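Nothing here was measured: the structure is a model prediction, and the numbers come from that model. Numbers here simply count residues along the sequence, with the first being 1. Both counts, for ligands and for their atoms, begin at 1 and track the order of listing.
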Amino acid sequence: MEQALLLNASYEPLKVVHWQKAITLWCQGKVEVIAVHDREIRAVSFTLKLPSVIRLLRFVRIKRRFDYVPFSRANIYARDNHTCQYCHEKLPTSELTFDHVVPVAHGGRKDWENIVTCCVSCNRKKGGRTPAEADMRLQRPPRRPDSAPAIRITIGIDTAPESWRDYLYWNMELDES
Ligand SMILES: [Zn+2]
């Protein structure tokens with residue numbers, strides 16, 4: 001029973017769908033496939049890896065149940081437009097990381113107001129210092145996104161495939177470290 005995590009166009013997790021539903025949505029041109037499972041299916045003329053994470057191409061407004069945006073890697077990147085908040089360079093996910101504006105050693109928290117998108121070299125340059133100490137200016141103060149619809153996904157993080165983790169609730173994973 002391979003399942004796929006369905007994300008809104010804004011990368012918010014919406015729900016878990018069966019792989020057949022995921023492929024149907026993809027065939028209808030409604031979603032893009034972001035990650036795949038190892039397992040393949042064979043049809044007459046092609047083979048296809050089963051989708052693991054899919055994203056709607058059009059934003060769907062969901063009736064709001066919780067007035068918050070999940071604190072996840074993908075949502076931090078989305079808020080910061082995949083742009084390093086220090087040097088303003090827009091980069092692919094593979095070249096981005098996260099910076100604690102106020103370092104953990106200085107009491108910095110893991111939340112929307114203290115985590116920003118950062119390129120690897122700025123992150124290295126800043127090290128364990130505050131922006132003032134490092135003489136590095138933030139593009140803009142990090143804020144919690146105003147509001148966006150979110151639906152709680154009833155799946156334990158332990159059972160979620162690795163490829164889902166970036167899209168699920170980040171603070172659970174981060175707080176362990
Ligand atoms: Zn940078």
Side-chain angles (χ1 to χ4, degrees), residues 4-14 31-37 49 51-62 64 66-153 157-158 160-177:
L5 180 66
L6 174 66
L7 305 175
N8 209 336
S10 55
Y11 290 94
E12 283 160 310
L14 295 179
V31 296
E32 64 168 343
V33 175
I34 289 188
V36 292
H37 291 294
K49 289 209 167 187
S52 160
V53 180
I54 54 174
R55 173 181 171 240
L56 289 170
L57 297 176
R58 281 188 55 186
F59 181 76
V60 175
R61 197 160 286 284
I62 306 293
R64 191 184 307 161
F66 301 95
D67 190 17
Y68 73 95
V69 181
F71 183 60
S72 66
R73 287 181 166 82
N75 282 337
I76 295 271
Y77 284 152
R79 181 197 65 183
D80 294 341
N81 196 28
H82 287 72
T83 302
C84 173
Q85 295 299 290
Y86 295 104
C87 70
H88 305 188
E89 197 169 349
K90 189 167 181 170
L91 293 163
T93 307
S94 59
E95 294 172 43
L96 290 171
T97 183
F98 300 95
D99 176 58
H100 284 78
V101 177
V102 176
V104 178
H106 290 51
R109 286 161 299 136
K110 284 163 179 153
D111 59 22
W112 285 110
E113 287 81 24
N114 196 49
I115 298 277
V116 294
T117 303
C118 186
C119 75
V120 173
S121 67
C122 284
N123 190 245
R124 199 171 294 145
K125 187 176 151 201
K126 182 169 173 285
R129 298 177 294 177
T130 65
E133 285 168 352
D135 196 23
M136 292 167 75
R137 275 180 59 113
L138 279 170
Q139 191 168 5
R140 58 179 175 184
R143 291 194 314 128
R144 171 185 295 276
D146 287 336
S147 66
I151 289 180
R152 188 181 296 277
I153 297 204
I157 188 114
D158 293 342
E162 190 63 31
S163 57
W164 293 13
R165 298 207 161 205
D166 281 358
Y167 305 98
L168 295 174
Y169 306 104
W170 188 32
N171 44 353
M172 292 178 185
E173 195 187 338
L174 255 189
D175 285 344
E176 288 168 8
S177 62

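Classification of the His82-Tyr11 ring pair by plane angle, with boundaries at 30° and 60°, yields tilted.
Using a distance-only test at 3.5 Å, with no hydrogens or angles considered, no donor-acceptor pair links the side chain of Asp99 to the main chain of Val116. Counting only distance, with no hydrogens or angles, the side chain of Asn114 and the backbone of Arg109 share a donor-acceptor pair below 3.5 Å. No side-chain donor-acceptor contact under 3.5 Å links Arg129 to the backbone of Asp135.
For His88, every N, O or S atom stays at 2.8 Å or more from the Zn ion (ligand 1). Coordination check, Cys119 versus the Zn ion (ligand 1): passed, since an N/O/S atom of the residue sits under 2.8 Å.
Between the SG atom of Cys87 and the SG atom of Cys84, the angle taken at the Zn ion (ligand 1) works out to 110° after rounding to 10°.
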